[in-house]
Enquirer: 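The following block contains the structure, expressed as structure tokens.
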2 protein chains.
Amino acid sequence: MLDDLDRRLLEILVKDSRTSLKELAQQVGLSSPSVAERLRRLEDRGVIRAFTVEIDPQALGYSLQAIVRIRPLPGKLHIVQKLIEEIPEFGECDKVTGDDCFVARLFVRSIGDLDKLLDRIADKAETSTAIIKAQPIRRRPPPLAATAISKP
Amino acid sequence: MLDDLDRRLLEILVKDSRTSLKELAQQVGLSSPSVAERLRRLEDRGVIRAFTVEIDPQALGYSLQAIVRIRPLPGKLHIVQKLIEEIPEFGECDKVTGDDCFVARLFVRSIGDLDKLLDRIADKAETSTAIIKAQPIRRRPPPLAATAISKP
DNA sequence: GCCGCCACCTTATTTAATTAGGCACGGCCG
DNA sequence: CGGCCGTGCCTAATTAAATAAGGTGGCGGC
């Protein structure tokens with residue numbers, strides 16, 4: 001489903017998605033049209049979800065991030081979906097199984113803004129256990145190679 | 001520090017970082033060399049941290065994600081740094097202020113693997129309050145435009 | 001054992017990125 | 001008030017990359 005060459009290509013692209021086909025080709029030992037074809041298929045299959053840029057939130061003025069736990073009342077799970085759509089400050093949001101809650105990241109400019117957001121969430125949703133300010137110390141994709149814990 | 005044109009460029013690139021300079025140029029009403037120059041400066045200033053690809057963890061076999069809370073004993077904060085380096089399953093990890101803990105994402109293939117990892121963390125670090133399995137329902141960058149809460 | 005398919009190759013063509021050089025606006029100082 | 005940088009943009013020319021077309025070999029199915 002995903003051979004070694006694919007993995008090597010992904011590894012390079014995660015580091016720099018502007019790497020040219022030519023460069024990719026010679027790093028894995030293929031021709032550039034072949035690499036292009038492989039990338040196309042990786043996209044088609046959904047392995048590569050998107051080509052994107054990573055932006056520094058601080059550069060946009062979001063000096064603060066909060067990780068919040070949102071627990072809607074039973075049967076009201078859809079409310080979170082709505083909140084995400086309405087509030088652009090939502091970063092990633094994960095539905096957590098077993099606990100019927102969500103864990104989301106909020107990007108904010110100040111504690112004041114955070115308070116306003118939390119009010120708004122607590123208002124429209126049910127309980128939102130506010131949490132905290134966060135300083136990211138690392139951001140990484142899933143591991144591409146075999147790990148000590150498990151082999152692909 | 002970051003004008004409207006920059007923001008529009010970023011907005012386009014977040015959606016698809018392979019958008020050509022030519023295409024970017026005509027969308028914002030500049031010439032391609034000017035766009036190139038702007039992008040170069042955005043990178044130099046650290047606004048754009050990286051050009052990258054977003055990979056579907058499932059495609060790599062990581063059908064499970066866990067969000068874990070790690071709270072090292074006082075004075076042992078560096079241990080988390082070490083864990084991150086040693087364990088490729090670590091996704092992003094945030095240092096949380098006020099609570100002296102970390103919140104991290106783990107990519108795993110099975111509950112078994114998760115258990116092994118949690119043991120290893122609880123072993124080397126101090127307390128790790130394991131948490132849960134997560135299903136991402138949305139992944140987003142910080143908001144690029146003004147929001148109802150705050151203006152840039 | 002032959003047929004057809006798939007993944008790859010090479011070459012040619014089109015398209016995009018880069019480099020070089022020049023022009024206009026605005027700020028600053030004589 | 002006028003001249004002089006500096007900056008950000010432009011156009012045009014060059015270089016480099018992506019794409020498209022056509023051909024070959026290896027492998028599985030019939």
Side-chain angles (χ1 to χ4, degrees), chain A residues 1-62 141-146 151-152, chain B residues 1-62 141-146 151-152:
Chain A
M1 170 111 198
L2 218 171
D3 68 14
D4 191 55
L5 256 53
D6 288 328
R7 254 182 288 266
R8 283 168 64 194
L9 290 174
L10 290 176
E11 206 161 345
I12 298 169
L13 288 174
V14 164
K15 287 191 220 137
D16 181 6
S17 67
R18 278 177 313 179
T19 310
S20 69
L21 295 180
K22 196 186 166 195
E23 174 71 18
L24 288 168
Q26 53 198 53
Q27 288 211 33
V28 303
L30 288 180
S31 69
S32 27
S34 298
V35 171
E37 173 65 13
R38 272 175 182 263
L39 295 189
R40 200 188 53 69
R41 292 188 53 221
L42 285 171
E43 277 194 270
D44 287 351
R45 285 192 277 163
V47 178
I48 295 178
R49 281 213 277 242
F51 283 71
T52 186
V53 289
E54 204 182 298
I55 295 177
D56 179 6
Q58 297 238 34
L60 298 174
Y62 298 94
L144 289 162
K151 317 266 179 267
Chain B
M1 171 108 198
L2 216 166
D3 69 12
D4 192 55
L5 255 52
D6 288 330
R7 255 182 287 267
R8 283 168 65 195
L9 291 173
L10 290 176
E11 206 160 348
I12 300 168
L13 288 175
V14 164
K15 287 191 219 138
D16 180 6
S17 67
R18 278 177 312 179
T19 310
S20 69
L21 295 179
K22 195 187 167 195
E23 174 73 19
L24 288 167
Q26 55 197 54
Q27 288 212 31
V28 303
L30 288 180
S31 69
S32 27
S34 298
V35 172
E37 173 65 12
R38 272 174 182 265
L39 295 189
R40 200 188 54 70
R41 291 188 55 222
L42 285 171
E43 277 194 270
D44 287 351
R45 285 191 276 163
V47 178
I48 296 179
R49 279 213 278 243
F51 283 71
T52 186
V53 288
E54 204 180 299
I55 295 176
D56 179 6
Q58 297 238 36
L60 298 175
Y62 298 94
L144 289 162
K151 317 267 179 266

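Within every chain, numbering begins at 1; the chains are lettered A, B, ... in the order of the sequence lines, protein sequences first and strands thereafter.
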Enquirer: Which residues satisfy the side-chain contact (heavy atoms from CB on, under 4.5 Å) test with A/Thr19, sequence neighbours excluded?
Expert: A/Ile12, A/Asp16, A/Glu23, A/Leu24
Enquirer: Take the protein atom CD of B/Gln26 and the nucleotide atom C1' of D/dC10, then report the distance between them rounded to whole Å.
Expert: 16 Å
Enquirer: Which heavy atom of A/Ser32 sits nearest to which heavy atom of A/Lys22, and what is that distance?
Expert: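 The answer is CB-N, 4.1 Å.
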Enquirer: Expressed as a whole number of angstroms, how long is the span from A/Leu21:CG to C/dT14:P?
Expert: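 The answer, rounded to whole Å, is 19 Å.
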Enquirer: Within this structure, what is the CG-to-C1' distance between A/Leu24 and D/dT19, rounded to whole angstrom?
Expert: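 After rounding, the gap between these two atoms is 16 Å.
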Enquirer: Can you tell me the distance, in whole Å, between the CZ atom of A/Arg18 and the C1' atom of D/dA18?
Expert: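 My rounded result for the distance is 16 Å.
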Enquirer: Could you tell me the separation between the CD atom of A/Glu23 and the C1' atom of D/dA16, rounded to a whole number of Å?
Expert: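 Between C1' of D/dA16 and CD of A/Glu23: 13 Å.
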Enquirer: Looking only at non-hydrogen atoms, find the nearest pair between A/Val35 and A/Ala25 and report the distance.
Expert: CG2-CA, 3.6 Å
Enquirer: List the protein contact pattern of nucleotides 5-12 of chain C with one symbol per nucleotide (5' to 3'): B for base contact, S for sugar-phosphate-only contact, - for none; contact means a heavy-atom distance under 4.0 Å.
Expert: --SSSB--
Enquirer: Given atom NZ of B/Lys22 and atom P of D/dT11, what is their separation to the nearest angstrom?
Expert: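 In whole Å, D/dT11 P lies 14 Å from B/Lys22 NZ.
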Enquirer: Atom CG in B/Leu9, atom CG in B/Leu39: separation rounded to 0.5 Å?
Expert: 6.0 Å
Enquirer: Given side-chain contact (heavy atoms from CB on, under 4.5 Å), test B/Arg38 with B/Asp3 step by step and report yes or no.
Expert: CA-CA 11 Å; B/Arg38 272 174 182 265; B/Asp3 69 12; 3.0 Å; yes
Enquirer: Mind checking what makes side chain to side chain donor-acceptor pair (under 3.5 Å) contact with A/Arg40, not counting sequence neighbours?
Expert: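 If we apply the side chain to side chain donor-acceptor pair (under 3.5 Å) test to A/Arg40, skipping adjacent residues, the hits are A/Glu37, A/Asp44.
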